[in-house]
Each structure stands twice: as C-alpha cells, then as structure tokens.
Amino acid sequence: MSRFSRLLFGNRSKKSSDDSVYGSVDKRRLPVHVAVIMDGNGRWAKAKGLPRSAGHRAGVERVRTIIRMSSDIGIKYLTLYAFSTENWKRPKAEVSTLMRLLLEYLRDELSELNEKNVRIKTLGDMSRLPKEVAAEVARATFATKDNTGLTVNMAINYGARQEIVGAVKRAVSEAVDTGEIDEQYVSSLLYTAGQPDPDLMIRTSGEKRLSNYLLYQLAYAEFYFTDTHWPDFDEKQFAIALDDFAKRDRRFGGA
Ligand code: IPE
Ligand code: IPE
Ligand code: MG
C-alpha cells in the first residue's frame with residue numbers, strides 16, 4: 001500500500017488506522033505551529049437533519065482528536081479558533097451552547113491534558129465571558145501552565161483587529177519611543193507573545209476567508225482549505241493537510 005492510499009483508505013481497525021495515519025506523517029517537515037479555523041459545525045448538522053448544537057457537540061470530539069494527534073506526532077503549538085468577537089451576533093441560545101460546551105470540555109479534559117503534558121493558553125478578551133466559563137478557562141490555564149509539551153491556544157472571544165487595537169493602546173500607554181518599535185516589539189504585544197508564528201493555517205468547510213483570525217501572525221503561513229466540515233476532520237484529514245504542507249516550497253520572499 002502506498003503512503004497516500006494508506007492515508008486515504010486507512011486500515012480496517014480503528015486503532016491500527018490511527019497508528020498507520022500517525023506513522024504516515026513526515027516528522028521532518030512538520031509545522032511547528034498549526035492554526036485552525038474550525039468551521040462547518042452548523043452545516044454538518046443541517047445536512048444530517050440535526051440541530052446546530054449537535055454539530056457543535058460533534059465538533060468538540062474533533063478538538064479532542066486533533067489535540068491528541070498534534071501532541072502525539074510532536075507539533076509544538078496548536079491554535080484553535082473556538083469563538084470570534086463576531087460570534088456574539090449569533091442567537092443567544094447558540095452562544096450559550098458554545099459557552100457550555102467549552103466549559104464542559106475544559107472540565108472533562110483537564111486531567112488528560114495534564115497527562116499529555118499539554119499547556120492551555122487563551123487568545124482573546126476573557127473579561128466578556130460568562131463568569132463560570134472564565135473561571136474554568138483560568139483554572140485550565142493555571143493547572144497546565146508548567147507543562148512543556150504541546151501548547152494549545154484557545155482563541156475565545158478573539159478578533160485580530162481587537163488584538164491589534166489592544167496592542168496599539170499598550171504601546172501608547174507604555175509611551176515607547178517610536179524608534180524602539182520594531183516587529184519584535186509589536187509581536188510581544190499580541191496574545192501570542194513569545195510564540196513562533198503559525199506555519200500552517202487550516203480552515204475547514206470550504207470558506208476561503210480569515211474571518212478576523214491572526215491577521216498579523218499569519219503573514220507567511222501556508223494556507224490549507226478543505227471542504228470537509230469540522231466534525232468530519234479526523235486524523236486522516238489532518239494527515240492529508242500535513243502531507244500537503246510538507247510539499248510546499250516556502251520562500252519567505254527569497255529567490
Ligand atoms: C464553527 O462552525 C463553530 C463556530 C464558529 C463557533 P459554525 O457554527 O460556524 O458552522 P457553519 O459555518 O454555520 O456551518
Ligand atoms: C470563524 O467562523 C470563527 C470560528 C471558527 C470560531 P465563522 O463561521 O464565525 O466565520 P464566518 O462568519 O463564516 O466568516
Ligand atoms: Mg461558520
């Protein structure tokens with residue numbers, strides 16, 4: 001079986017399929033930082049005649065899958081867009097579902113995240129989250145802060161423009177001399193301070209836009225778009241995206 005057909009068709013049993021998919025990833029050309037726009041939960045549910053909430057619930061399972069796989073194959077940073085500053089426009093009931101799922105996820109997953117040495121960080125303005133959600137997020141962040149494996153950035157109430165506005169405000173309040181403002185300084189004012197920029201940005205479900213995601217940090221990222229909806233984005237799909245990335249020729253403006 002070729003590496004590609006193995007990727008596409010996998011093996012029979014679930015366990016050995018995971019093993020073969022993991023094994024098929026080229027570890028020498030792995031992105032250090034992967035950023036994901038987890039999109040398409042609603043359309044996935046609609047296609048099955050289910051409520052949107054069922055799509056979000058199924059989406060949480062893929063969060064588990066992709067975190068587990070990222071950690072196992074040695075990706076260092078994984079950034080997941082969970083809730084944008086624009087997502088508050090959704091019906092109240094949907095916003096509550098998303099917030100509840102986030103809370104339950106962090107509560108149920110904390111011990112496994114710790115076992116896997118995963119560090120949870122957040123990108124976004126946590127002050128607008130419901131109190132219990134903000135508390136759970138703070139608990140997960142604190143409980144995993146010394147872990148040294150995969151860093152998972154959860155972008156919650158995140159918007160890149162809001163992030164940049166915040167950075168400008170801080171620069172002005174720190175009253176830095178304009179001569180001291182360089183790219184490194186600007187990076188240090190973003191939520192991702194101290195982290196390498198994403199190498200690969202994946203968006204599921206066919207939309208080809210950034211939706212206010214990591215505008216500064218994605219300057220030289222490779223983009224991967226797939227029609228697969230997030231709840232169907234499994235290990236095999238992730239391996240295909242990584243394989244696609246491995247073949248890219250990144251020039252960064254050079255010849
Ligand atoms: C992604 O799925 C989840 C969030 C944005 C929180 P959507 O809910 O956007 O699903 P579609 O795009 O409506 O199908
Ligand atoms: C982007 O998806 C935000 C998240 C995945 C959390 P949206 O579904 O909100 O984006 P648009 O509205 O299609 O641009
Ligand atoms: Mg969407």
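When a ligand or atom number is given, it counts from 1 through the structure's own listing order. Just so we're clear, the structure is a prediction, and the values are computed from it rather than from any experiment.
- Between R90 and ligand 2, at least one N/O pair is under 3.5 Å apart.
- The closest donor-acceptor contact from the side chain of D234 to the backbone of K236 lies under 3.5 Å.
- At distances below 3.5 Å, at least one donor-acceptor pair connects side-chain atoms of S70 with backbone N or O atoms of I66.
- Protein heavy atom nearest atom 12 (O) of ligand 2, with residue, atom name and distance: R209 NH2, 4.6 Å.
- Residue contacts with ligand 1 for H56 involve side-chain atoms from C-beta outward but no N, CA, C or O (heavy atoms, distance under 4.0 Å).
- The residue from G40, S211, G159, G59 that puts a heavy atom closest to atom 11 (P) of ligand 2 is S211.
- Among residues two or more places apart in sequence or in another chain, the salt bridge (Lys or Arg N to Asp or Glu O under 4.0 Å) test is passed with R203 by D39.
- Counting heavy-atom neighbours within 6.0 Å of E183 CD, excluding the residue itself, gives a total of 12 or less.
- The shortest N or O to N or O distance between Y81 and ligand 2 is not below 3.5 Å.
- With a 4.0 Å heavy-atom cut-off, ligand 1 is reached by no atom of S205.
- Residues N117 and L150 fail the side-chain proximity criterion, which asks for heavy atoms closer than 4.5 Å.
- Heavy atoms of Y213 found under 4.0 angstrom from ligand 2: none, in either backbone or side chain.
- Any N or O atom pair closer than 3.5 Å counts here, and W44 shares no such pair with ligand 1.
- Less than 4.0 angstrom separates some heavy atom of I37 from each of these atoms of ligand 2: 1 (C), 5 (C).
- Residue contact annotation: E207 has no non-hydrogen atom under 4.0 Å from ligand 1.
- The contact set between ligand 2 and F83, taken as ligand atoms under 4.0 Å from a residue heavy atom, comprises 6 (C).
- Note on D39: its N/O/S atom closest to the Mg ion (ligand 3) is OD1.
- Around the CZ atom of R161, the shell of radius 6.0 Å holds no more than 12 heavy atoms that belong to other residues, nucleotides or ligands.
- Counting heavy atoms under 4.0 Å from ligand 2, residue R43 does not touch it at all.
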task = Would you check, one step at a time, whether the test side chain to side chain donor-acceptor pair (under 3.5 Å) holds for R68 with T65?
result = CA-CA 5 Å; R68 195 187 319 125; T65 309; 4.8 Å; no

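- Other residues, nucleotides and ligands contribute at most 12 non-hydrogen atoms within 6.0 Å of the CD atom of Q184.
- Residue A82 has at least one heavy-atom neighbour below 4.0 Å for each of these atoms of ligand 1: 6 (C).
- Crowding of K116 atom NZ: a count of heavy atoms from other residues, nucleotides or ligands under 6.0 Å exceeding 12.
- Residue-level proximity to ligand 1 for M38 is carried by the backbone, the only part with a heavy atom below 4.0 angstrom.
- What sits closest to atom 9 (O) of ligand 2 on the protein, heavy atoms only, is N87 ND2, 2.9 Å.
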